[in-house]
Amino acid sequence: MTEQRSDIAIVGGGPVGGLAACTLARAGYAVTLFERGAPPAPDAHPNDTRGYALAAGSVQFLDDLGYWAPLAERATAIRSIVVSRRGGLGRVHLNAADHGRHALGQVVPAVALEPMLDAACRDAGVDVRHHSTLAGVGEVTDDQRALRIRGADGESTWAARLILAADGIQSPTRKALGLPVNRLRYAADALVFDVLPARSHNGQAFERFTDEGPLALLPQAEGRMNVVWVAPPETCERRLELGEAERLRELQARFGWTLGRLRPAGRVVRFPLERVHAPEPVADRALLLGNAAHAVHPVAGQGLNLALRDVATLLGALREGRGQGGAPGFVADPGAPATLAAYARARRADVNGVVAATDFLARGMLHAAGLRGHALGSGMMAVDRLRPARDRLAQAAMGLGPLPRHTARHLARPDTGGGA
């Protein structure tokens, strides 16, 4: 069996694998993307109302890459966020205008983001192999690592200088690499669906903490709002069995009437909730990205934004010649141990912080009664009234951390050449 070669082999597509593939190909690497699904068909999902909540920092990163413009006209701006507790004091208002911004973030339809990345991969020359899954990972030989791919025509063998695992929370690649992972199955599931409120949302998002778990409503196009309703599994099961009218009555009772009557606007999907965290995301010539490295609770909508910062940091780690008087370029060997170690160091604080914060919000806000509830309510009121505290919370919500924007801008220039 003939061995095929690539600089970078990416297992798993979607927003994370797709973005990594097209940006790395634009940097001059030969990139092969193995995707288990079929090639996207035009208008294949006309009823797909899924949306991705992108923080302002993620939007800026995509804009620097030149990928935001085709998404902007279909995106819905999050102009403000209201954080509250059901049955308790305390409410925090975050407004983009207070920070001189148009939006704290944007909600992008999945039917816009995924085709855009598919086109970007084609334009960048990514070798996309559909109907392909990982069959196994081999040893490192001559600065390359072997992997076996099971495709529509049987099994093939490959060698790559770097393997990127972007194959999700269960990640067969992570398992094949033998990387340890910490897992916690939350005592909760999430129901996700759209509603159409009687009143305009005006770009306002809501995060409401209840005794069952967090309840979020995100602004969508055409006046809709996307609901992420977290509750114990048995409660989610019962609500799935309810008729639409009765399910919406329960939602209305828990959310309130700020937006008037809520009407159903799409099918309901149920997701089990689990925290997954690989303390060490790198192996010999291999790296975990996105949910393969860290899957977090959906509270505060940090999952995809955290994954996009993985891609941004990887671009930064692969960039050389900064601050040393050399011409900027990308390292010739993307899987060099020093490069992967630099990536892991750069991501550690951000990932650990988001994992801890979302875990606290998911579990620490439950059953907050008595003195604890009073303390939480008082703290929320203090944050709302103290501008410095509110500003810090808004900065975290916008995800405006230290991303390697110079790298993204370099890729966005028309004269970008290969540096690998």
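Distance CZ/Phe330 to CZ/Arg319: 5.0 Å, rounded to 0.5 Å. Rounded to the nearest 0.5 Å, atoms CG (Asp63) and CG (Leu71) are 10.0 Å apart. The CZ atom of Arg79 sits 16.0 Å away from atom CG of Leu94, with the distance rounded to the nearest 0.5 Å. With rounding to the nearest 0.5 Å, the separation of OG1 in Thr313 from CZ in Arg348 is 12.5 Å. Atom-to-atom distance recorded for Leu315:CG and Leu65:CG is 7.0 Å, nearest 0.5 angstrom. Remark: Phe255 CZ to Leu215 CG distance equals 7.0 Å, nearest 0.5 Å.
A donor-acceptor pair is defined here as one N or O able to donate and one able to accept, closer than 3.5 Å; such a pair exists between the side chain of Asn305 and the backbone of Ala55. Distance alone, capped at 3.5 Å, is enough to place a donor-acceptor pair between the Arg145 side chain and the Gly138 backbone. In terms of modelled atom types and a separation under 3.5 Å, the side chain of Ser6 and the main chain of Ala9 share no donor-acceptor contact. For Ser58 (side chain) and Leu54 (main-chain N/O), no donor-acceptor pair under 3.5 Å exists by modelled atom type. Under a 3.5 Å cut-off, the side chain of Glu35 and the backbone N or O of Gly13 do form a donor-acceptor pair. Without hydrogens or angle criteria, Glu155 side chain to Arg150 main chain gives no donor-acceptor distance under 3.5 Å. Asn95 places no side-chain N or O within 3.5 Å of a backbone atom of Ala97 that could act as its donor or acceptor partner. In this structure, the side chain of Thr23 engages the main chain of Leu19 through a donor-acceptor pair within 3.5 Å. Panel note: side chain Asn291, backbone Ile169; no donor-acceptor pair is recorded below 3.5 Å. Judged by distance alone, the side chain of Arg26 and the main-chain N or O of Tyr29 form no donor-acceptor pair under 3.5 Å.
Counting only heavy atoms from C-beta outward, the side chains of Leu24 and Leu164 approach each other to under 4.5 Å. Inter-residue side-chain proximity for Asp167 and Pro172 is flagged as met; some heavy-atom pair is nearer than 4.5 Å. In this structure, Leu179 and Pro281 have side chains that are not in contact, with every pair of non-hydrogen atoms separated by 4.5 Å or more. Side chains of Pro233 and Arg270 form a contact here, defined as non-hydrogen atoms less than 4.5 Å apart. Side-chain contact between Leu162 and Asp7: absent, with no pair of heavy atoms (C-beta onward) separated by less than 4.5 Å. Contact check for Asn226 versus Phe193: no side-chain heavy atoms found under the 4.5 Å cut-off. Side-chain contact check for Val107 versus Ile78: some heavy-atom pair is nearer than 4.5 Å. Residues Val108 and Arg74 fail the side-chain proximity criterion, which asks for heavy atoms closer than 4.5 Å.
Nearest heavy atoms, His277 versus Pro279: O-CD, 3.2 Å. Taking both residues in full, the closest heavy atoms of Met225 and Pro219 are given as CE-N, 3.6 Å, listed atom of the first, atom of the second, then distance. In terms of heavy-atom proximity, Ala20 sits nearest to Ile10 at C-CD1, 4.0 Å. The two residues Leu104 and Ser80 come nearest to each other via the heavy atoms CD1-CA, 4.0 Å. Of all heavy-atom pairs between Ala278 and Val181, the closest is N-CG2, 4.0 Å. Closest approach of Ala292 to Arg174, counting heavy atoms only: O-NH1, 2.9 Å.
In this structure, a donor-acceptor pair under 3.5 Å is absent between the side chains of Thr157 and Arg148. If you check the side chains of His294 and Asp310, you find a donor sitting under 3.5 Å from an acceptor.
Checked for salt-bridge contact, Glu241 and Arg247 miss the test: no charged N lies under 4.0 Å from a carboxylate O. The pair Arg239-Glu212 meets the salt-bridge criterion, since a charged nitrogen lies less than 4.0 angstrom from a carboxylate oxygen. Under 4.0 Å is where a charged nitrogen must lie from a carboxylate oxygen, and between Asp142 and Arg161 no such pair does. Using a 4.0 Å cut-off between charged side-chain N and carboxylate O, Asp143 and Arg285 make a salt bridge. In summary, Asp359 and Arg275 engage in a salt bridge, as defined by a charged side-chain N under 4.0 Å from a carboxylate O.
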>> I'd like to know whether Arg122 forms a salt bridge (Lys or Arg N to Asp or Glu O under 4.0 Å) with Asp127, so could you lay out the CA-CA distance, the side-chain angles of the two residues, the decisive distance to 0.1 Å, and finally the verdict.
In response: CA-CA 8 Å; Arg122 289 198 305 271; Asp127 180 12; over 6 Å; no
>> Arg208 vs Ser84, test: side-chain hydrogen bond (donor to acceptor under 3.5 Å, both in side chains). Steps then yes/no.
In response: CA-CA 5 Å; Arg208 188 161 175 77; Ser84 63; 3.0 Å; yes
>> Using side-chain contact (heavy atoms from CB on, under 4.5 Å), reason through Trp158 and Thr32 one step at a time and then give a plain yes or no.
In response: CA-CA 10 Å; Trp158 290 76; Thr32 305; 3.7 Å; yes
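Environment of CD in Glu234: crowded, with over 12 heavy atoms of neighbouring residues, nucleotides or ligands closer than 6.0 Å. Open room surrounds CZ on Arg36; 12 or fewer heavy atoms of other groups in view lie less than 6.0 Å from it.
In this pair, His297 and Tyr186 present their aromatic rings perpendicular. The plane angle is above 60°, beyond the 30 to 60° band.
For the pair Arg129 and Phe34, the cation does not sit on the ring face, since its NZ or CZ is not both under 6.0 Å from the ring centre and inside 45° of the axis.
With Val282 as the fixed residue, the side chain to side chain contact (heavy atoms under 4.5 Å, CB included) test singles out one of Leu287, Thr339, Leu288: Leu287.
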